[in-house]
Novice: 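Please find one structure pasted underneath; my questions will follow.
Worth knowing before you read on, the calculation uses all heavy atoms, side chains too, and leaves out hydrogens, waters and symmetry mates. Indexing begins at 1, ligand by ligand and atom by atom, following the structure's order.
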Amino acid sequence: MHSPSLYSQIMVRFTVLASGSKGNSTVISGARTSILVDCGLSCRELFRRMKLAGEEPKSLAAIVITHEHSDHVNGVAVTARKLGIPVFFTEATHRAWMRWLTPRKQMTYAQWLELCRKQAAERQAEADAATDEGEPDESDLLAETSSESAEAQAESEPAKSKDPTWLPAVEYFQAGQPFEIGDIAISPFTVPHDAADPVGFVFRAEGVRMGYATDLGYIPPNVKAQLQGVDLLLLESNHDLEMLRDGPYPWAVKQRVLSRVGHLSNEAAAEFLENGYDGQAAYVILAHLSENNNLPELARVTAEHALNGRASLLANHLLLAEQHVSLPGIYF
Ligand SMILES: [Zn+2]
Ligand SMILES: [Zn+2]
C-alpha cells in the first residue's frame, strides 16, 4: 500500500483491463487526463473491470483505437455513446470499422431490376387487397396513424437511434504524426498487421513514456526505433511457434497468424527483447497471448531468457497481461 503522501504524488497509471483475441482494453492516466486504448470488451464488462481496478469510467476523456479488428472495437460505439466521448481513429480504420458494421448488399443490375419489379408487384397486390376489403375500420385507421407518428418521431430523433456507426465525436490522427489528448502526448506508428491502417503507440504523460505494440506480424525498423527509451513496454507475445504449428487451427489460419501481417510469436518478441531493445523499461508486459497456441509460462520463460539477467528492482519487471482479469494498475 502507498502512504497517502506518496499516493498524492502518483500521477501516471497504466492499467491493462484485458488482453487477447477475445478483447483488448487499457486505461492510461496522466495527472489530469484518462484515456482508453482500444475497446474490445462489452461496455458492461469494461465498466465492471474499470471499477474493480479503481478507475472511474466517467473520467475517461477519449477512446483511442489501434485497428478495426473486433477484439479491439467490440464495445466502442456503446461505450462512447454512454460516456459522450470522442473516438480517435485513423481515417482508414474508421472507414473500415463503418464498413464492418454496415455490410453492403451487392447486386447486379439485372438483380436490381428484378427487385424493383417484385416491389412494384407487391405494392399493387396490397392496393388490390385494400380495395377488395373496402374501407378500413376505425381501429385500423388508429393503428396506422399511431405507427405513422412513431415513424415520424423516429426520423426526427438524431441519427444515432438507427445508425450503428454513430459516435458522439470522431477525431482522426495519422501514423507518424504525434497528437495530444489533455496532458497525454501520443505518438502513433504503423505496425505490420492485416488491418486497414493498424498502429501502435507511444504515450507520454508527466515525462513517463509507455510503448504499446500488439497485433504485428514482425518488428520492422520503425517500430524498433519507437520502442526505445520507454519506461513501460507492452509487447505482443502471441504464440509459441511449435504450439501453433502442431495446434488445432486450420492451415490457412496458421499461415495468417505466422505471416508478416499476423501476430508476434514468443520467439520474435524474445529476439527483440534480446537484441533490439535498450533494456531501460521499468516494466515489460507481455500481451495478446493466444489461449490456444501459447502457455503463459512458455511466454514468460522465453522472455526471461531473452532479458538474460537484465531484470532488477528498477528495470525489466516482467508481467503478463491476461484475457479474463485485469492486471493491477502500474503506477509511476
Ligand atoms: Zn487483436
Ligand atoms: Zn488484429
Side-chain angles (χ1 to χ4, degrees), residues 14-28 36-42 45-46 49 63-77 79 87-101 173 175 188-201 203 210-220 222-223 226-227 233-241 243-244 247 249-250 252-266 268-269 272 285-294 296 299 320-327:
F14 188 98
T15 308
V16 185
L17 298 172
S19 184
S21 61
K22 293 197 181 87
N24 295 272
S25 257
T26 295
V27 182
I28 295 175
L36 190 69
V37 184
D38 283 337
C39 196
L41 298 172
S42 69
E45 179 64 8
L46 177 81
R49 291 200 196 186
I63 303 171
V64 183
I65 299 295
T66 57
H67 65 297
E68 73 277 16
H69 287 164
S70 61
D71 54 318
H72 300 259
V73 297
N74 249 333
V76 71
T79 304
V87 182
F88 287 70
F89 302 91
T90 74
E91 188 171 357
T93 297
H94 182 227
R95 283 169 183 274
W97 174 72
M98 289 197 294
R99 278 199 303 277
W100 175 62
L101 283 181
F173 63 82
F189 54 87
T190 295
V191 293
H193 189 55
D194 55 357
D197 188 17
V199 296
F201 297 109
F203 301 95
M210 295 159 273
Y212 190 102
T214 69
D215 298 74
L216 67 173
Y218 69 105
I219 301 186
N222 78 304
V223 175
Q226 290 285 338
L227 298 180
L233 172 63
L234 180 140
L235 183 66
E236 172 160 53
S237 192
N238 180 261
H239 53 274
D240 174 79
L241 283 172
M243 280 186 75
L244 179 70
Y249 284 6
V253 179
K254 289 181 183 178
Q255 289 308 306
R256 196 222 130 209
V257 173
L258 284 168
S259 80
R260 300 273 278 179
V261 288
H263 289 277
L264 207 63
S265 66
N266 295 345
F272 171 74
I285 305 174
L286 304 179
H288 216 299
L289 269 71
S290 166
E291 293 185 290
N292 294 313
N293 304 302
N294 209 349
L320 271 70
E322 296 191 41
Q323 182 70 83
H324 301 286
V325 288
S326 309
L327 265 192

Novice: When rounded to the nearest 0.5 angstrom, what distance separates CG in Asp215 from NE2 in His288?
Specialist: 3.5 Å
Novice: Looking only at N, O or S atoms, which one in His288 sits nearest to the Zn ion (ligand 1)?
Specialist: NE2
Novice: State which residues pass side-chain contact (heavy atoms from CB on, under 4.5 Å) with Ala287; sequence neighbours excluded, sorted by chain then number.
Specialist: Ser19, Thr214, Leu234, Ala321
Novice: Please tell me whether Ser237 and Asn266 have a donor and an acceptor in their side chains that are separated by less than 3.5 angstrom.
Specialist: yes
Novice: Output the atom name for the N/O/S atom of Asp215 with the smallest distance to the Zn ion (ligand 1).
Specialist: OD2
Novice: Looking only at N, O or S atoms, find the one in His72 nearest to the Zn ion (ligand 1) and name it.
Specialist: NE2
Novice: Could you pull out the atom name of the N/O/S atom in His69 that is nearest the Zn ion (ligand 2)?
Specialist: ND1
Novice: Kindly give the atom name of the N, O or S atom of Asp71 closest to the Zn ion (ligand 1).
Specialist: OD2
Novice: With sequence neighbours left out, what residues match His69 under side-chain hydrogen bond (donor to acceptor under 3.5 Å, both in side chains)?
Specialist: His67, His193
Novice: Once rounded to 10°, what is the value of the angle centred on the Zn ion (ligand 2) between His193 NE2 and His67 NE2?
Specialist: 100°
Novice: Taking 4.0 angstrom as the limit, do Glu291 and Lys22 come out as a salt bridge?
Specialist: yes
